[in-house]
Every structure is written in structure tokens, then in C-alpha cells.
Amino acid sequence: MSDTAPRNPVNAPQMLADALLRSVAGASAQLRVTGTNSDSNQSEVGLIATTFTQVVISPVVMRKLRPTFKDGDASRWEMLVSATSVQAQVNALDLPSAQALFAMTLAVTLSGQDYLIESIASNEAFGQVYLYRLLLREACSQPI
């Protein structure tokens, strides 16, 4: 007989979140992150060009938040992101945490549209993160 008490770490919340995100037409998003440079002293003064990498996370779901009725305000969106996908990318990039991944993210691309991250929240169950909620706004191109 197995012990099913909540003190034992289980992946059930993460698997449930992944299944729900996939079942509601979950898509793939790309995070545009800064690459790691080998010599930080030279990159600080601009001697080494900063590299950018596209990191794919999936499944994700976007929903538009209530509009603000101010002229010129960009639309705001909420992106629900699978914690297992984020953790896989954190491990692949050898980062200390998911917060480090989001901190080095310059833009989020979904269906050809770029978004900027305004805030990040995580949902937990049994002490494990199963879902990240990113508050995004549309990236507007500035006229030259």
C-alpha cells in the first residue's frame, strides 16, 4: 500500500496543469533571451556583441485582460505557462531558477506578435510550482 499523504512530493499538479493547457489549444511561445558571454568585462564596455537566443516553451495559453479605456495604452494579456516546460529550459540553460530565466527575457513571441513581461506570478500546490502566470503587454514598434 502506498502513502498518498500530501507530504510526499508528487507531480500530479504539474501533470494536471500540462493536460489542461494542452486541452484548451495550448500553443508554443518563444522567449527571446540574452545569451551568456564568456567574458563579462569586455561585454560590459561593448567589445563583445550581446547574443540572443530563442527559447521555446510549450504549452502556453493567452487570454486578454479587461481593457483599460485610456488612449494610447497597449493591450494587456495574461499568459499561462507550464512549469515543467520552464523547468526544462532552466535546466538546459543551466540557470539557478525560473526567475533568472524570466529576468533575462527581453520579449515573448506568440503567433508572430511580440509582448513585454510586466510581472510574473507562480501557482503552487504541495510546495511545487505547477503554473507560471505572466502579465504581458503588446510591444509597440516606435516610429523613427
Side-chain angles (χ1 to χ4, degrees), residues 1-44 48-143:
M1 179 171 223
S2 66
D3 184 9
T4 59
R7 67 180 175 274
N8 288 339
V10 294
N11 293 335
Q14 293 171 340
M15 291 187 298
L16 180 62
D18 288 350
L20 286 173
L21 291 174
R22 283 190 180 93
S23 68
V24 292
S28 294
Q30 294 180 346
L31 304 179
R32 187 174 309 125
V33 299
T34 56
T36 56
N37 291 327
S38 60
D39 189 0
S40 62
N41 292 333
Q42 289 185 354
S43 64
E44 286 178 8
I48 297 176
T50 303
T51 59
F52 299 102
T53 306
Q54 298 287 343
V55 176
V56 177
I57 54 174
S58 175
V60 301
V61 173
M62 291 266 300
R63 71 180 185 107
K64 191 170 190 175
L65 298 178
R66 292 183 183 209
T68 59
F69 295 102
K70 296 179 186 175
D71 291 337
D73 277 354
S75 298
R76 291 171 39 136
W77 299 80
E78 181 180 49
M79 178 183 281
L80 305 177
V81 182
S82 162
T84 55
S85 176
V86 171
Q87 190 59 42
Q89 294 301 333
V90 165
N91 293 340
L93 295 173
D94 197 27
L95 297 172
S97 67
Q99 297 301 329
L101 175 65
F102 293 131
M104 60 191 279
T105 300
L106 301 174
V108 178
T109 304
L110 182 70
S111 300
Q113 175 66 40
D114 287 340
Y115 301 91
L116 303 175
I117 298 175
E118 287 189 351
S119 67
I120 303 158
S122 60
N123 292 8
E124 293 183 10
F126 303 122
Q128 293 181 332
V129 176
Y130 64 91
L131 185 75
Y132 289 98
R133 294 175 30 230
L134 307 180
L135 181 62
L136 306 173
R137 67 179 164 85
E138 292 181 6
C140 301
S141 58
Q142 299 290 330

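Only a predicted model underlies this, so the values are computations on that prediction, with no experimental measurement involved.
Within the model, atoms OG1 of Thr84 and CD of Gln89 stand 10.5 Å from one another, a figure rounded to the nearest 0.5 Å. Summarising the geometry, atom CG belonging to Leu80 is positioned 9.5 Å from atom CE belonging to Met62; distances are rounded to the nearest 0.5 Å. In this structure, CZ on Arg76 lies 12.5 Å from CG on Leu116, to the nearest 0.5 angstrom. The CD atom of Gln30 lies 11.0 Å from the OG atom of Ser58; values are rounded to the nearest 0.5 Å. With rounding to the nearest 0.5 angstrom, the CG atom of Asn123 is 10.5 Å from the OH atom of Tyr132. Taken from CZ in Arg63 to CH2 in Trp77, the straight-line distance is 11.0 Å, to the nearest 0.5 Å.
For the pair Leu21/Leu131, a side-chain contact is recorded, criterion being any heavy-atom separation below 4.5 Å from C-beta on. Two residues are said to be in side-chain contact when any heavy atoms from C-beta on lie closer than 4.5 Å; Val55 and Thr105 fail this criterion. Annotation: side chain of Leu136 is in contact with side chain of Ile117 (closest heavy-atom distance under 4.5 Å). You'll find the side chain of Gln128 reaches within 4.5 Å of the side chain of Asn11, heavy atoms only.
The two residues Glu138 and Tyr115 come nearest to each other via the heavy atoms CG-CE2, 3.6 Å. Here the closest non-hydrogen pair linking Val56 and Ser85 is O-OG, 4.4 Å. Here the shortest heavy-atom pairing between Leu31 and Val108 reads CD2-CG2, 3.6 Å. Smallest separation of non-hydrogen atoms from Ala98 and Val90: CA-CG2, 3.7 Å. The heavy-atom pair separating Thr34 from Met104 by the smallest distance is O-CE, 2.8 Å. Minimum interatomic distance between Phe102 and Ile120 (heavy atoms only, all atoms of both residues): CB-CD1, 3.2 Å.
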Practice prompt. Any chance you could lay out the side-chain contact (heavy atoms from CB on, under 4.5 Å) test for Arg133 and Met79, step after step, and finish with the verdict?
Written response: CA-CA 6 Å; Arg133 294 175 30 230; Met79 178 183 281; over 6 Å; no
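In this structure, a donor-acceptor pair under 3.5 Å is absent between the side chains of Gln14 and Asp18.
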